[in-house]
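The structure under discussion appears below in the form of structure tokens.
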Amino acid sequence: VEVLSEQDTLVDGAPVPISRLADAVLGRLAGRADAAVVFVVSPEATYGAMVVAYGAIAGLSGPPRIAFPARGQGTR
């Protein structure tokens, strides 16, 4: 999952409105008990958008594991 803005996210590279994020992630994780969501936040996304997206995923039944990728050296 990549949070792009207040309204836009990507799920496996496909655009998904943030309001449909939970459904999109649930669909991708269906049948994968050990799956995790890699959560990436664009520099253009606000803190509020990040919190909304994280809450949508964390609120799923289970909830799925959520991983934040490590930033490479020399990046912000």
Side-chain angles (χ1 to χ4, degrees):
V1 171
E2 185 172 356
V3 182
L4 302 174
S5 70
E6 294 290 323
Q7 288 96 22
D8 300 312
T9 64
L10 296 176
V11 175
D12 283 343
V16 175
I18 204 163
S19 61
R20 305 271 308 142
L21 180 60
D23 292 333
V25 171
L26 192 59
R28 293 295 298 153
L29 297 180
R32 300 175 178 178
D34 63 342
V37 174
V38 177
F39 192 81
V40 177
V41 180
S42 167
E44 288 79 31
T46 65
Y47 178 78
M50 179 194 71
V51 169
V52 168
Y54 183 88
I57 297 166
L60 293 173
S61 179
R65 293 177 296 148
I66 302 173
F68 296 87
R71 294 182 180 218
Q73 189 172 2
T75 63
R76 295 178 156 188

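One-based numbering along the sequence shown. All values below were derived from every heavy atom in this structure, side-chain atoms included, with hydrogens, water molecules and symmetry-related copies excluded.
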Worksheet item: Given the rule in the side chain to side chain contact (heavy atoms under 4.5 Å, CB included) test, do E2 and S42 qualify, once you have shown the distances and angles that lead to the verdict?
Response: CA-CA 7 Å; E2 185 172 356; S42 167; 4.2 Å; yes
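Smallest separation of non-hydrogen atoms from A49 and S5: CB-O, 3.5 Å. Residues A58 and P63 approach most closely at O-CB, 3.1 Å, considering heavy atoms.
Cluster partners of V51, using a side-chain heavy-atom cutoff of under 4.5 Å among ILVMFWY residues and allowing indirect links, are V1, V3, V11, V16, L21, V25, L26, L29, V37, F39, V41, Y47, M50, Y54, I57, L60, I66, F68.
Atom OG1 of T9 sits about 7.0 Å away from atom CG of L4, to the nearest 0.5 Å.
Scanning for side chain to side chain donor-acceptor pair (under 3.5 Å) contacts around R65 gives an empty result, with sequence neighbours left out.
Residue pairs meeting the salt bridge (Lys or Arg N to Asp or Glu O under 4.0 Å) criterion with at least one member in residues 11-28, sequence neighbours excluded: D12-R28, R20-D23.
With a 4.5 Å cut-off on side-chain heavy atoms, P17 and D8 do not count as touching.
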